[in-house]
2 protein chains.
Amino acid sequence: MAKSKKTYHHGDLRNTLLSAAEALLEQKGVGAVSLREVAKEAGVSHTAPYRHFVDKHALLAGLAEVGYGRLADAMDRCVDEQPDNPAKQLATSLQAYVALATRHPQMTNLMFGGVLKGHLCEGSLALESERAFNGLLRIIQNGQEAGLYISKDTEELAMFVWSLAHGFSMLISAGQMGELGNDEKAIQAILSNIGEMVITGIGV
Amino acid sequence: MAKSKKTYHHGDLRNTLLSAAEALLEQKGVGAVSLREVAKEAGVSHTAPYRHFVDKHALLAGLAEVGYGRLADAMDRCVDEQPDNPAKQLATSLQAYVALATRHPQMTNLMFGGVLKGHLCEGSLALESERAFNGLLRIIQNGQEAGLYISKDTEELAMFVWSLAHGFSMLISAGQMGELGNDEKAIQAILSNIGEMVITGIGV
DNA sequence: ACCTGAACACCGTTCAAGT
DNA sequence: ACCTGAACACCGTTCAAGT
């Protein structure tokens, strides 16, 4: 019953493929993730992946699922580390969201770039994606219960905050902000101001 | 000097290619836009496009440029139609941004999905992209001059609003909001609430 | 100048065949 | 059950050649 590493049957091919795919993704972007290259990297024939993923999109969806899992975990950590400070939970969750996006632009692009479209609302990918949103939802809820935020529909507040974090992250990771994209210090500064504006608004 | 339509030299091939590419984009997404298919649709050999675009990315960049132009025009229109009402300018620009994104999700995906990355900060694409941002910047500035918004750095306010509009649009057009993506009425309602929160914030 | 056709190295996917 | 190799229809890109 020992896990032999060199049997004809690979045994852990699925995870090996996902790791190889992530390496390719990080280094060269979604466009460079080809089933054939991933298989080669995993030391296996180019048709072997079809035993674990119905097609290329399924591989990418599996990869995105890992990314969503990390995002969800990051959200949960913001709650766990400051269980009695909802304001801090919100601030750190914004930072965490943007940090993941700027540090892993290729993964972010895969998760939100529209490559998956159809696969987003089905299966385990949808579950992880929802878990990430629920993390943020809980943070908003905590703040509302502490009397920090207006008592409008919690989901709408969450969508407001999520849109903001998401838009900012995407614009940076897509290179839309120009030179700013590489200056992590500047990003932190702007993000902190944005964090204020979320609470106070831009009205006078 | 009359524009003969059936010469050996096509004459307006560049625009014909762009139109064909946009049709393909709208119908089947970025993934389906292949140089060969576009050429076939334009009734020309599969290497002819190389006379007008150095490679496939250049074609996509040209297409995105059209999209950014429309976004910029939409922003300008918001100012022109309500020259003395900055609050209305902001509200309508948000609506325009989201409307373009929900009605042309494939084009939006091309513009912001990260396919272009490197090409974003170079040439005429950068110009059109900047023109769109400047439109929003002017709207914020108008509001500040009318004493409607806090007098912080205008660019930071614009980035705040842009991130919000962008994030909301992207989440919807990427199918991240679940069933909500197809319900234009519901989107309008949420957007109007978001428009309020931009001004007042979510703080109590 | 502008367009073509053959050629090359890559894809994703299918399928009969091997262990 | 799991993996392979040949085969097919597609790519993007290059290049000598045609008008």
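A, B, ... follow the sequence lines: proteins, then strands. Residue 1 opens every chain.
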Expressed as a whole number of angstroms, how long is the span from [X]:[atom1] to [N]:[atom2]?
X: B:Lys40; N: C:dC3; atom1: NZ; atom2: C1'; answer: 18 Å
X: A:Asp12; N: D:dC2; atom1: CG; atom2: C1'; answer: 14 Å
X: B:Asp55; N: D:dG12; atom1: CG; atom2: P; answer: 11 Å
X: B:Leu17; N: D:dG12; atom1: CG; atom2: P; answer: 13 Å
X: A:Leu35; N: D:dC11; atom1: CG; atom2: P; answer: 18 Å
X: B:Tyr50; N: C:dA1; atom1: OH; atom2: C1'; answer: 19 Å
X: A:Arg14; N: D:dA1; atom1: CZ; atom2: C1'; answer: 17 Å
X: B:Lys56; N: D:dT13; atom1: NZ; atom2: P; answer: 8 Å

State, yes or no, whether a side-chain contact exists between [X] and [Y] at a heavy-atom distance under 4.5 Å.
X: A:Leu18; Y: A:Asn15; answer: yes
X: B:Met177; Y: B:Phe168; answer: yes
X: A:Thr108; Y: A:Leu100; answer: no

N/O contacts under 3.5 Å, protein versus nucleotides 5-8 of chain D?
unit_1, atom_1, unit_2, atom_2, d
D:dG5, O6, A:Thr47, OG1, 3.2

- Task: Please check if any side-chain donor atom of B:Gln141 sits under 3.5 Å from a side-chain acceptor atom of B:Thr154, or the reverse.
- Result: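 Judged by distance alone, the side chains do not pair up.
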
- Item | A:Phe112/B:Phe112 aromatic ring centres below 6.0 Å |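 Not close enough - the centres of the two rings lie 6.0 Å or further apart.
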
Using a strict 4.0 Å threshold on nitrogen-to-oxygen distance, state whether [X] and [Y] make a salt bridge.
X: B:Arg70; Y: B:Glu22; result: yes
X: A:Glu41; Y: A:Lys28; result: no
X: A:Glu26; Y: A:Arg103; result: no

- Using a 3.5 Å limit on both pairing distances, list the dot-bracket string of DNA chain C from the 5' end; Watson-Crick and G-U wobble pairs count, crossing pairs take [ ], interstrand pairs take |. ||.|||||...|||||.||

- Item | Nearest-nucleotide comparison on DNA chain C, the residue closer to the 5′ end among A:Glu37 and A:Arg51 |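 It is A:Glu37 whose nearest nucleotide is closer to the 5' end.
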
- Query: Counting side-chain heavy atoms from C-beta on, which of D:dT4, D:dG12, C:dC3 comes nearest to A:Ala48?
  - Reply: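 It is D:dT4.
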
- Scan B:His52 against the nucleic acid and name what it touches under 4.0 Å (heavy atoms): base, sugar-phosphate only, or nothing.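 Sugar-phosphate contact only - B:His52 comes under 4.0 Å of backbone atoms but never of a base.
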
- What is the distance from atom CD of B:Gln89 to atom CG of B:Leu148, rounded to the nearest 0.5 Å?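 Reported to 0.5 Å precision, the distance equals 10.0 Å.
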
